Amino acid sequence: MHGEYKIPGGKLVVVDVDVEDGVLRRPRVAGDFFLEPDEALDAVNGALEGAPADTDAAGLAARIDAALPEGTVMYGLTSEGVAVAVRRALAHATDWTDYDWQLIHEGPQSPALHMALDEVLTAEVAAGRRPPTLRVWEWGAPAVIIGSFQSLRNEVDAAGAERHGIEVVRRISGGGAMFVEPGNTITYSLSVPEALVQGLSFQDSYAYLDDWVLGALGEMGIRAWYQPLNDIATDQGKIAGAAQKRIVGPGGPGAVLHHVTMAYDIDAAKMLDVLRIGREKLSDKGTKSAKKRVDPLRRHTGLPREAVIDRMIDSFRGRYGLTAGKVTDEELTRAQELARDKFSSPQWTARVP
């Protein structure tokens with residue numbers, strides 16, 4: 001069995017391993033990492049040899065740590081990363097380059113339709129009728145998007161939203177509220193087969209699916225990193241937030257929706273007038289104000305929003321390949337029905353009052 005794992009902020013780890021009588025046999029760890037001394041690699045392989053095949057990643061990492069020679073130095077490598085690569089091998093996980101990725105980047109659409117498209121396209125990937133898809137959103141109107149389990153009244157100041165003409169919609173994924181305005185926000189979705197994140201914990205799947213965009217930001221001169229559970233941050237504050245939803249496929253493995261909203265620019269005063277951002281929520285991020293929490297891409301890059309998006313797409317294409325596609329007529333019809341009947345309905349928006 002073969003497994004690969006690109007450690008976020010680190011290097012690629014490759015593991016080939018057999019399973020016999022319920023235990024790991026002949027593990028071979030390789031990759032473009034740095035490891036000293038040389039015999040540390042034998043210690044890693046030795047720690048994995050004979051481990052029960054159902055040992056979780058934490059258990060495998062503990063075995064590796066206990067076996068490493070004193071003074072071992074790892075660069076671009078962690079014991080946890082090796083363990084994840086083993087679990088991905090055992091789970092028969094796929095890799096980004098195993099797929100023909102499709103790009104969807106169409107004109108501005110309503111907030112409710114964007115919510116519906118996420119659900120429809122990811123369900124199509126789960127059913128095997130659509131290839132893995134990167135969809136870049138264009139917003140047709142300003143909006144607040146609340147998480148699936150958030151309280152509407154606790155998160156949104158209804159009077160402020162009405163005063164600024166801002167629509168409130170609820171998405172299918174968890175996480176916190178997003179404040180978006182056309183021209184000030186960059187949002188994208190990844191709809192991927194569940195096999196791509198097999199062997200990863202829920203937290204690790206966020207880091208894994210965010211890794212490409214960290215690379216794209218780095219190419220634009222932005223030092224950014226994944227901040228658990230679902231933020232992308234710089235030394236000045238949060239630059240983006242992610243959310244996920246698992247969708248079960250018909251009679252088999254499903255798909256994962258991973259969507260990210262990035263602040264290109266922001267009207268902080270308007271955001272504070274619309275969102276109820278409590279002091280406790282701010283304090284746990286180590287900041288004193290909501291303005292300091294958000295670190296817009298415009299200031300970092302000096303580039304127009306469209307240029308930032310183009311560079312992100314080019315970076316993805318250079319890594320994994322990407323062909324232009326579109327929402328099919330059937331997908332659009334289903335999404336329009338869902339936008340009307342579900343995502344525009346007060347029952348859904350206020351399902352947690």
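Nothing here was measured: the structure is a model prediction, and the numbers come from that model. One-based numbering along the sequence shown.
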Taking D118 first and then R135, would you say they form a salt bridge - that is, a charged N and a carboxylate O separated by under 4.0 Å? yes
Answer yes or no: is there a donor N or O on one side and an acceptor on the other, between the side chain of D32 and the main chain of L12, under 3.5 Å? yes
Is the W139 to F179 ring centre distance short of 6.0 Å? no
Heavy atoms of other groups near R298 CZ, more than 12 under 6.0 Å: no
Going from CD on Q336 to CG on D341, what distance comes out if it is rounded to the nearest 0.5 angstrom? 11.5 Å
Just checking Y206 against H258, ring centres under 6.0 Å apart? yes
Is it the case that the side chain of T133 and the backbone of P131 share a donor-acceptor pair, with hydrogens and angles ignored and the cut-off at 3.5 Å? yes
Salt bridge check, R87 against D56: does any charged N sit closer than 4.0 Å to a carboxylate O? no
Taking only Lys NZ, Arg NE, NH1 and NH2, and the carboxylate oxygens of Asp or Glu, determine whether R25 and E49 approach each other closer than 4.0 Å. yes
Does atom OH (Y75) have a neighbourhood of more than 12 heavy atoms from anything else shown, all under 6.0 Å? no
Would E331 and R130 pass as an ion pair if we require N to O under 4.0 Å? yes
S344 side chain to A339 backbone, donor-acceptor under 3.5 Å: yes
Which residues pass the side chain to side chain donor-acceptor pair (under 3.5 Å) test with Y5, sequence neighbours left out? none
A cation-pi test, strictly: NZ or CZ of R171 under 6.0 Å from the centre of the six-membered ring of F343 and no more than 45 degrees from its axis. Yes or no? no
Ring centroid separation for Y188 and W137, is it under 6.0 angstrom? no
